[in-house]
Structure formats: C-alpha cells, structure tokens
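This report concerns only the one structure given below.
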Amino acid sequence: MIHVLGIDGGGSKTVCVLMSADGKILGHGQAGPSNYQTIGIEAAKIAIISAIKQAVEHSFLALERFVPIQGISLGLAGVGRSEDIEVIRNLIEEIQTSSELPIDWKLTPENIIINSDSVIALVGGLGHFVGIVVIAGTGSHIFGKNHQRISKRVGGWGYLLGDEGSGYDIAIQGLKSALRSYDGRLESTQLIPAFQDALNLNSIEELIPVVYRQGWGVKDIASLAPIVDQVAASGDPIAENIIKNAAHELALATEVAINHLFEPTDSFEIVVMGGVWKGLANFRRQFEAEINAIAPLATIISPRHEPAYGAGLLALETLT
C-alpha cells in the first residue's frame with residue numbers, strides 16, 4: 001500500500017493529511033504554527049511532528065504498528081530560497097528519527113517535496129496543477145501555473161510594501177477614511193460609529209491609544225476588515241469605494257498572471273481563497289466582473305480542497 005503525507009505549515013497552524021494512492025484522506029492532524037523563520041526550527045519541528053502523529057493516529061492505519069510512508073510534501077510559509085529548502089530537508093531528516101511517530105519511512109530524495117504555501121494552495125484549491133489561485137486573507141498574493149509548468153507569482157510584498165486587496169489593506173483604508181472624515185477631509189461615513197461600536201470607543205480619537213499604545217499588529221488591524229465590509233454592504237459610499245478599489249487591485253494583479261501564463265483562447269480555472277472573499281459587499285462579484293472582461297474563458301471557483309490536500313497530491317505525483 002502506498003501512503004503519503006501532505007503538510008500545510010503556516011504562521012498560525014500546521015495541518016497534515018495522510019493520503020492513499022487514490023487520493024483519499026485517511027487521517028487528518030492539526031498543530032500550532034511551523035513557520036521556522038518566526039518561531040524557530042525546533043518549535044517548527046515539534047508542530048510538524050504533532051500534526052503528523054495526529055493524522056496517523058486518527059486513521060484506521062493506527063491499528064498497525066508502523067505505517068509505511070513513501071512520500072512527503074510540505075508547503076510552508078516563507079520558504080522560497082534554496083537555503084530555506086535545505087533547512088527543511090534537514091528538518092525532515094530529523095523528523096524521520098523521531099520515536100514519537102509510528103511510521104516506517106520509505107522516503108527517497110525524489111519523494112520529498114518542499115514548496116511555498118502558494119503552490120499547495122493552488123493544487124489543493126483546484127484539485128489539479130494548472131490555473132491560478134488568488135489569496136486574499138490577512139495578506140494577499142496571486143500564484144499560477146500553466147500546462148508548460150511555467151509559474152508566475154504577483155504581489156505578496158507584505159503589508160508595508162503591498163498586500164493590496166487583503167484584509168489588512170481593507171481595514172487600514174477603512175481606519176484612515178474614518179479619521180479623514182472625522183477631520184473634515186472626507187465626507188461623512190458610517191465607518192466612524194461602526195469602529196466605535198466594535199472597539200467600544202467613546203470617540204474615534206481613542207483609536208490612537210488602541211492602535212499605537214497597545215501595539216496592534218497586522219492581524220489585529222486586518223480583523224477589522226469585516227466592519228468595513230458590513231458598512232459597505234449597508235450602502236455607505238466611502239466603504240463601498242474601499243471594497244471596490246480592493247477588488248480592482250486583485251483583478252489587476254490577476255490580469256498580470258493571466259497574461260504571463262495563458263493565451264486568450266485558453267480555458268482555465270481561478271480559485272479564490274481567504275476570508276476577504278466571504279464578505280457581503282459584492283467583493284467577489286466585482287472581482288469576477290473584471291476578470292470576465294479580461295479572460296472570458298476563465299472560470300472562477302471556490303476551493304475544492306484545503307492546501308494540505310494539495311501537498312498530498314504533489315507527493316503522490318512523484319510516485320506515479
């Protein structure tokens with residue numbers, strides 16, 4: 001029997017799936033973050049081992065003393081350089097010596113696959129290898145690959161230099177617009193009372209101690225994006241414009257990937273992933289309208305599978 005592990009390691013959690021040769025998920029595990037660049041290599045190793053252990057123990061194969069694993073694929077945040085890949089290869093070597101795992105490792109160098117989180121998001125979201133993924137969560141970026149295995153990444157420059165169309169981008173534009181309106185530099189907007197209610201502020205001026213003195217980070221600010229979305233959905237012109245601009249920026253970045261990878265006569269799929277797409281203010285519809293005008297043969301879909309499943313498919317590909 002052939003079994004592989006697919007691992008999605010990010011800054012907030014690590015997910016592992018145990019898969020059979022026919023692509024069926026046999027076990028699922030989840031642990032803490034495994035971005036070694038932020039938490040350290042030892043903490044990352046602990047999280048990955050924990051996720052693998054859960055995936056194996058939650059499967060019917062747990063009845064066996066040792067589960068054979070012929071392939072492993074990891075998609076990790078922040079892994080793009082050759083030195084990063086070497087660090088993770090050494091990490092996998094250490095994991096294979098762990099006494100915690102009831103696994104009979106049957107890996108070869110060719111069956112150890114290490115990618116960025118973009119690659120497994122694409123493959124998992126589509127369920128295959130060709131197309132584009134547009135990720136809009138706390139941050140944003142676009143990644144695609146065509147039939148010739150040519151890939152293209154657009155965006156992902158972080159909240160200081162980019163991340164247009166992300167939750168952070170929407171939230172920070174909402175906060176700035178509320179303060180500009182309060183100053184009188186912008187017309188009246190319901191963003192002011194909406195932020196005050198959500199953050200329990202007596203005045204919008206209290207944003208200063210909340211954001212600066214409490215040391216709010218990127219995720220804290222991005223968590224306010226749904227407020228902007230709700231105000232936009234209620235018909236507030238300022239908030240509506242923020243959502244419109246965010247959708248346009250993602251469409252513009254996606255157009256770059258489309259033009260790099262596909263011909264006008266090609267049909268392909270674009271999978272959209274991340275919390276921003278769940279908004280109520282027509283964010284997705286505005287994005288789809290722009291993409292349909294750019295690439296009428298493209299089909300926009302919601303994810304078919306999670307990124308860890310995409311990692312598993314990449315591991316299985318090496319065995320076929």
Side-chain angles (χ1 to χ4, degrees), residues 118 121-122 124-128 130-144 152-156 159 162-178 186-187 189-191 194-195 198 221-262 264-307:
S118 302
L122 172 72
L126 295 175
H128 54 82
V130 175
I132 293 173
V133 59
V134 183
I135 300 173
T138 298
S140 68
H141 68 273
I142 290 86
F143 178 79
K152 178 65 175 177
R153 180 185 174 99
V154 184
Y159 73 101
D163 278 357
E164 296 87 354
S166 68
Y168 177 86
D169 179 43
I170 291 170
I172 203 70
Q173 296 305 324
L175 291 170
K176 288 181 177 181
S177 294
L186 197 64
E187 56 263 37
T189 173
Q190 289 301 305
L191 287 168
F195 283 131
I221 292 175
S223 70
L224 301 179
I227 297 172
V228 182
D229 174 71
Q230 291 162 15
V231 175
S234 73
D236 182 89
I238 301 300
E240 284 182 330
N241 195 50
I242 292 171
I243 296 298
K244 179 181 178 181
N245 288 339
H248 173 70
E249 286 291 341
L250 278 182
L252 182 63
T254 304
E255 181 180 10
V256 172
I258 290 171
N259 291 339
H260 187 85
L261 297 172
F262 299 105
T265 54
D266 290 338
S267 60
F268 57 93
E269 292 182 319
I270 299 172
V271 58
V272 295
M273 303 181 76
V276 170
W277 300 102
K278 301 174 184 177
L280 305 173
N282 298 324
F283 182 91
R284 177 165 175 168
R285 190 164 66 185
Q286 293 181 61
F287 173 83
E288 289 181 344
E290 291 202 43
I291 295 302
N292 288 337
I294 296 165
L297 296 182
T299 302
I300 300 171
I301 67 168
S302 297
R304 293 191 173 100
H305 308 282
E306 63 183 321

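Count residues from 1 along the sequence. Side chains included, hydrogens not; waters and symmetry mates left out as well; all remaining heavy atoms used.
- Ring pair Phe262/Phe268 is parallel by interplanar angle, where below 30° counts as parallel and above 60° as perpendicular.
- Residue Asn241 holds its CG atom at 10.5 Å from CG of Asp236, rounded to the nearest 0.5 Å.
- Residues Ala247 and Phe283 approach most closely at N-CE1, 3.5 Å, considering heavy atoms.
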Please report, to 0.1 Å, the donor-acceptor pairs under 3.5 Å made by any side chain of residues 289-300, with sequence neighbours excluded.
from: Glu290; atom 1: OE1; to: His248; atom 2: ND1; distance (Å): 3.0
from: Glu290; atom 1: OE2; to: His248; atom 2: ND1; distance (Å): 3.2
from: Asn292; atom 1: ND2; to: Glu288; atom 2: O; distance (Å): 3.1

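- Between Asn245 and Gln173, the closest side-chain pair of non-hydrogen atoms is not below 4.5 Å.
- A donor-acceptor contact shorter than 3.5 Å is absent between the side chain of Asp163 and the backbone of Ser166.
- Nearest heavy-atom pair across Ala171 and Ala222 is CB-CA, 4.1 Å.
- The minimum heavy-atom distance between Leu191 and Ala178, with the atom names listed, is CB-CB, 4.2 Å.
- Although no hydrogens or angles enter the test, the distance criterion places no donor-acceptor pair under 3.5 Å between the side chain of Arg153 and the main chain of Phe143.
- Taken to the nearest 0.5 Å, the OG atom of Ser234 stands 7.5 Å off from the CD atom of Glu240.
- Crowding of Tyr159 atom OH: a count of heavy atoms from other residues, nucleotides or ligands under 6.0 Å not exceeding 12.
- Between Ala136 and Gly165, the shortest heavy-atom distance links the atoms CB-O, 3.8 Å.
- Between the NZ atom in Lys176 and the CD1 atom in Ile242 there is a gap of 11.0 Å [rounded to 0.5 Å].
- Between Ser140 and Leu250, some side-chain heavy-atom pair lies under the 4.5 Å cut-off.
- Atom CD1 in Ile135 sits 6.5 Å away from atom CE in Met273 (nearest 0.5 Å).
- Annotation: the span from Leu175 atom CG to Ile170 atom CD1 amounts to 12.0 Å, rounded to 0.5 Å.
- In this structure, CD in Glu269 is found 11.5 Å from CD1 in Ile132, a value given to the nearest 0.5 Å.
- Residues His305 and Gly127 share a closest heavy-atom pair of CD2-CA, 4.0 Å.
- Counting only heavy atoms from C-beta outward, the side chains of Val134 and Ile270 approach each other to under 4.5 Å.
- Side-chain contact check for Val228 versus Phe195: some heavy-atom pair is nearer than 4.5 Å.
- For the side-chain contact (heavy atoms from CB on, under 4.5 Å) with Val133, the lone residue among Ile142, Val271, Val272 that qualifies is Val271.
- The two residues Ile301 and Gly125 have their closest heavy-atom pair at CD1-O, 4.0 Å.
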